[in-house]
2 protein chains.
Amino acid sequence: MAFENYTIKDIAKALNLSPSTVSRALRDSYEISAETKKIVLAYAEKMNYRANPIARSLKERKSYSIGIIVSEIANNFFSQVIDGIESIAYAKNYQVVISQTHESADRERLNVEHLYGRSTDGLLMALSAETSDVRYLESLIEKGFPIVFFDRVPAQIPAHRVIADNKQGGYDAVHYLAQRGCKRVAHLTGARTLSITKERLEGYQMGLQAHALDMDDALVKYCQYGGLQHGELQQAVTELADTDYDGIFISGDKLTTGYLQVMHERYAAQIGQVAIAGFTNSKVVNIFSPTITAIRQPAFEMGQRAAELLIQQIEAKHSGVDFETVVLPTTMIENK
Amino acid sequence: MAFENYTIKDIAKALNLSPSTVSRALRDSYEISAETKKIVLAYAEKMNYRANPIARSLKERKSYSIGIIVSEIANNFFSQVIDGIESIAYAKNYQVVISQTHESADRERLNVEHLYGRSTDGLLMALSAETSDVRYLESLIEKGFPIVFFDRVPAQIPAHRVIADNKQGGYDAVHYLAQRGCKRVAHLTGARTLSITKERLEGYQMGLQAHALDMDDALVKYCQYGGLQHGELQQAVTELADTDYDGIFISGDKLTTGYLQVMHERYAAQIGQVAIAGFTNSKVVNIFSPTITAIRQPAFEMGQRAAELLIQQIEAKHSGVDFETVVLPTTMIENK
DNA sequence: ATGAAAGCGCTAACAG
DNA sequence: CTGTTAGCGCTTTCAT
């Protein structure tokens, strides 16, 4: 299955030059005469020559490509982040490759190692729900491999982070529900281990407190797989049904749509009796029934910021980087 | 920014062996003594040695990774196809990398060249809406580079194809609408160039004919970017509003949700007066309002079949492949 | 301004 | 069973 391409050698031979001259001409080196450059360029063009990036990477330890690792691309938030990343990457001539973990720590590690191994210049990642051990990431970072985390970030790792103001978002949601008259506000959320879970929970609790609302553990339901598995959602919603909650704050994209689905499947009669506010970046919330209030993260911008930080770090000659944590505001959109 | 790793040479030196012996031991070659293998493996393990896949690819022209190119990952259908592909790929130890074209022919080409150049072993792709010239793909295929097309496939290219029975799906949709009593069935669809557009249009026309319904060009609206751009949708739906259509068959995921959105934005009063059937693989159609009937493609299975064909082609020693076109049935799901 | 030669990390004849 | 050597395609000293 060999399909050969033109190589620098071939060009050199055809033109009676040395490979090094061709290489330099191709890279527009100052030490090559205009004349030679023209000839080489023209011939390369004619032959449709393409440099072998693998060979170049092996030599240069640089690939002009960056990797993205998320749990699911079938997620409005993540796909928008990815679009943001791409917008920056393409502008700076980096190729982007994407891979998913499906919330599996094993797959996450596989993906990281694959992308690292293949000389990706850096990684942008949101941790999987299952991830608890991030030491291998730390050691990669220590080796000097640039990784920027977004959304679901690890604690205590020397790296850039870009996150939304999840606590405030949670607070806003509860505040909104309280204003609408809710007395018992439930919280449906993802894996306990994730940073976003903790932050949004804090906002929720702060909101309850501010409005002197019931704090009841029974009102808080965790879904280990963030709603990826329908069963966990069914169970959570069913359990909630016994708590006579009248409002709910939901902590993620899949959880929000999943909650609505379970309501349709099992509690169609009660739809409309519960006020719903949830984190979601769906662009089609206005066609959802029942109506929900959406907490949006600035996903596209988040991707952009993260990509900028990553590329900046990649291109920083000296590794004395001051790591920053960028926190972007959420917004709330009420639907009528 | 150099971060060195252990290489085979390092191990060889440390163990007083030759690099080739180490290489062979690592790859569990039959010509290496059990003893040596054990020592090498143990040391490699201890040093956390990772083979450099770049070097290996350069040598072997094989990377055990396959590329996927779709227009948008933020699309239920595509993300499900990708999941199907991954399920096969992981089982056969191939890594998967994904990239998107956003319906741009230029970006498609960039992505293809990037993935091809980086020794991806093969490609799975659905063409972008903008793509008209597929000669560069043909020449890649002629060189022996395996590409399997799915969903949006080019005509006349010697390659495997995996598609849904779009014509039948279109027919089913119209048949369903006719049964519901629709007299004037509109059709909202994507780029004229795409195979799926043509096939679904055929099904639509066949359905109209079978039920002796109005055939009216004004009832058919094309969106060049398949609903990615909201403006094109608004225009199409607005134009349709003048045709007193009473049913509509919509030809894609984004178009379907987009149509619903425009209805909410501009024609909220008319919602419910039009019966809607559309191609969509959304898993949450049951929370949409208004209610729609969904034509589903077996996306996951499509991904699996395509991946199987690709890997089979990659691993076929001799290139005498008989190309096949797999056609999978669609299903229709009525929502109440 | 150009060429020769070495080397990135790995594999694979070919020798022994 | 193990070592030597060459080479994948490219870049890059170091000569000239």
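Residue numbers start from 1 in every chain, and the chains themselves are labelled A, B, ... in the order their sequence lines are given, proteins ahead of strands.
Near DNA chain D, defined here as any heavy-atom distance below 4.0 Å, the residues from residues 49-57 of chain A are Tyr49(A), Ala51(A), Asn52(A), Ala55(A), Arg56(A), listed numerically.
Partners of Lys59(B) under the salt bridge (Lys or Arg N to Asp or Glu O under 4.0 Å) rule, at least two apart in sequence or in another chain, do not exist in this structure. Partners of Glu308(B) by side chain to side chain contact (heavy atoms under 4.5 Å, CB included), not counting sequence neighbours, listed by chain and number: Ile88(B), Arg305(B). Take Lys9(B) and apply the side chain to side chain contact (heavy atoms under 4.5 Å, CB included) test, not counting sequence neighbours, and it matches Thr7(B), Pro19(B). Ser18(B) pairs by the side chain to side chain contact (heavy atoms under 4.5 Å, CB included) definition with Ser20(B), Thr21(B), not counting sequence neighbours. Under the side chain to side chain donor-acceptor pair (under 3.5 Å) criterion, Thr101(A) pairs with no residue at all, not counting sequence neighbours. The side chain to side chain contact (heavy atoms under 4.5 Å, CB included) test applied to Ala299(B) returns Phe77(B), Gln80(B), Val81(B), Asn281(B), not counting sequence neighbours.
Counting atom types as modelled, Ser33(B) pairs no side-chain N or O with a base atom of dT2(D) as donor and acceptor under 3.5 Å. Judged by distance alone, with hydrogens and angles left aside, Ser23(B) brings no side-chain donor or acceptor close enough to the base of dA12(C) to form a pair under 3.5 Å.
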Would you tabulate the pairs of protein nitrogen or oxygen atoms and nucleotide nitrogen or oxygen atoms of nucleotides 14-16 of chain D closer than 3.5 angstrom?
none

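The stretch residues 44-53 of chain B participates, sequence neighbours left out, in these salt bridge (charged side-chain N to carboxylate O under 4.0 Å, His left out) pairs: Glu113(A)-Arg50(B). Note on residues 81-91 of chain B: pairs passing side-chain hydrogen bond (donor to acceptor under 3.5 Å, both in side chains), not counting sequence neighbours, are Gln100(A)-Asp83(B), Gln100(A)-Glu86(B), His102(A)-Glu86(B), Asn111(A)-Tyr90(B), Ser87(B)-Gln304(B).
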Identify all side-chain donor-acceptor contacts of residues 24-31 of chain A below 3.5 Å with residues at least two apart in sequence or on another chain.
unit_1	atom_1	unit_2	atom_2	d
Asp28(A)	OD1	Lys37(A)	NZ	3.1
Ser29(A)	OG	Glu31(A)	N	3.2

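The rotation axes computed at either terminus of the helix from dA1(C)-dT16(D) to dG16(C)-dC1(D) lie 50° apart, taking five pairs at each end and rounding to 10 degrees.
Within the cation-pi definition used here (under 6.0 Å to the ring centroid, within 45° of the axis), Arg109(A) qualifies as a partner of Tyr136(A).
With the nearest nucleotide of DNA chain C identified for both Leu58(B) and Thr21(B), Leu58(B) has the one nearer the 5' end.
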